[in-house]
Amino acid sequence: MYDLRVLRDNLDAIKSQLGPRGSDVAWDDLRALLEKRSSLTVTVDTLRHELKKGSDNVARLKREKQPADAVMAGMKAVGDRIKDAGERLRATEERIAEITLRIPNVPHASVPVGTDAASNLEVRRVGSAPAFGFAPKAHWDIGEALGILDFGRAAKIAGARFAVLIGLGARLERALINFMLDLHTTRHGYQEVLPPFMVNRAAMTGTGQLPKFEEDLFKLRDDDYFLIPTAEVPVTNLLREEIVPNDRVPIRYTAYTPCFRREAGSYGKDTRGLIRQHQFNKVELVAFSRPEDSYQELERLTGHAEAVLQELALPYRVVTLCTGDMGFSAAKTYDIEVWLPSQSGFREISSCSNCEAFQARRASIRYRRKDGKTDFMHTLNGSGLAVGRTLIAILENYQQADGSVTIPHALRPYMGGVERIVKS
RNA sequence: GGAGGGGUGGCUGAGCGGCCGAAAGCGCUGGUCUUGAAAACCAGAGUCGGGGUAACUCGACCGUGGGUUCGAAUCCCACCCCCUCCGCCA
């Protein structure tokens, strides 16, 4: 979403910067609507001015016991014209919002151009794939054999794309959540937040899930609430319609929440295992920064997500998403991909984005600059990390020939000292 | 779910339908005074949209949205939120 004046004056530039990302935007309609809005605004403001002066006149005449009927009749007519023009202005602004709320963010200049994941750019690789003296198994085989993962019963009580964690499996998930939160709060300087797992329509619009992606969300039937698809939504919206004092910036929050996604349109993908679930746990990192610092903040935040994998000694790589693979609100995104032996490949475990002022404009998230003026902050978010996928990576990378799984050292204090999961 | 009370500027809190963008106090910023600080005194200070290079100027904003009226913070309606009591509940 854009400042309407900036949009009106730079429509062509923005259109070309968006390239294919803006292909389904009604640019010509928008141009006409913006011009209509400008002229209607002038009309309404002028009429209001006239009405105000006229009404003051009526007050004066009445005080002086003079007849005011003629002026009142004239102002009645002006009032009707205001009502009429105001209604058209309101309708115009509504249509502008319908269009602009569906325009994605403009990619940063450093983002590679491309239409799909093939154009993503690998930035670095950390750690090396473990060597197995046997054929590594997939996490669902490992987990079900150990009795810590149950998809059948999950399907019975809920349906497809749900899982039940049992015993040390559940313990491992909980250990990961606590480990990640502790790392980010004690060593990386984030403040822990535990937000609602449902939010209203305004919050979803603020971060960009609505209006365009409503079909991806779980929505309550009797209330206008949505289950959050990521903690980014409640946590970023914490500062919606606020002006933050200068000395409080930057602000960094971390939050554990479950995330709920309908996964509409991904019917054939990742049907086995924990990779793609309707409900999964995630520890999120959210930062609000000064515009001039946000790209430094993105590197920082991405580093904090990587630190989790480094502590767990899991091999991974970082890629810069190309323009066609980025999310709606992002100006630049790094994906962190963890090594999964069963797939002999890397799989997304974190996505770290700088949304620049895109969400801040939608949600009116501002700060007080040193010079006293208000300005939009830049908002950033990243998974730190997706907990379920981290559990997958541990099961697969730490699996042993006998089917057991060793626990990474950093996690053992969180596992009550358990060093290995064996079949019970 | 039922009954009642209330939402005004950073905060507290006034506000007869017109002279109210809004008293007063606190807090804040600048100045005078002081070796420095405090106190006292003086001055300033909201957000958004439009126009202008600028000084400046016009409009909107008193929870949100409608309505009545020449004119609404003030009257009417709906909704949202907060508080108190009752019921229910972890």
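To find a chain, count down the sequence lines: A is the first, B the second, and so on, and within it residues start at 1. Note that the structure is a prediction, hence the values are computed from the model and not measured.
- Atom name C1', nucleotides B:G6 and B:U12: the rounded distance is 16 Å, in whole Å.
- Across B:U68, B:G50, B:G18, the shortest atom-to-atom separation from the side chain of A:Arg63 is found for B:G18.
- Look at A:Arg37 and A:Glu93 and you find a salt bridge, because one of the NZ, NE, NH1 or NH2 atoms lies within 4.0 Å of a carboxylate O, short of that distance.
- Side-chain contact check for A:Ser294 and A:His378: at least one donor-acceptor pair (N or O, by modelled atom type) lies under 3.5 Å.
- Residues A:Glu263 and A:Arg276 are paired through a salt bridge, judged by an N-O separation under 4.0 Å between the basic side chain and the carboxylate.
- Minimum atom distance to the side chain of A:Lys83 is reached by B:U68, of the listed B:C70, B:U47, B:U68.
- For A:Asp45 against B:G49, a side-chain N or O and a base N or O form a donor-acceptor pair under 3.5 Å.
- Looking at the side chain of A:Lys52, the nearest of the listed nucleotides B:U68, B:C70, B:A60 is B:A60.
- B:G17 and B:C28 are spaced 37 Å apart, taking the P atom of each and rounding to whole Å.
- Ionic pairing of A:Arg95 and A:Glu98 is not present here: no N-O contact between side-chain nitrogen and carboxylate oxygen is shorter than 4.0 angstrom.
- For A:Arg368, whose side chain is taken as the heavy atoms from C-beta onward, the closest listed nucleotide among B:C58, B:U47, B:G50 is B:U47.
- Across B:G66, B:G18, B:G59, the shortest atom-to-atom separation from the side chain of A:Arg90 is found for B:G66.
- Residue-level contact check: A:Thr374 touches the backbone only, with heavy atoms under 4.0 Å from sugar-phosphate atoms and none from bases.
- Minimum atom distance to the side chain of A:Arg366 is reached by B:C48, of the listed B:U69, B:C48, B:G18.
- RNA chain B is contacted by both A:Gly54 and A:Thr41; A:Thr41 maps to the nucleotide lying nearer its 5′ end (nearest heavy atom per residue).
- Taking the six-membered ring where the residue is Trp, A:Phe162 and A:His278 present tilted rings, their angle falling between 30° and 60°.
- With distances taken from any side-chain atom of A:Ala59 to the nucleotides B:G50, B:G18, B:C81, the minimum falls on B:G18.
- Taking the side chain of A:Val42 as heavy atoms from C-beta on, and the options B:G18, B:G50, B:A60, the nearest nucleotide is B:G50.
- Going from the C1' atom of B:G4 to that of B:C89 covers 23 Å, rounded to whole Å.
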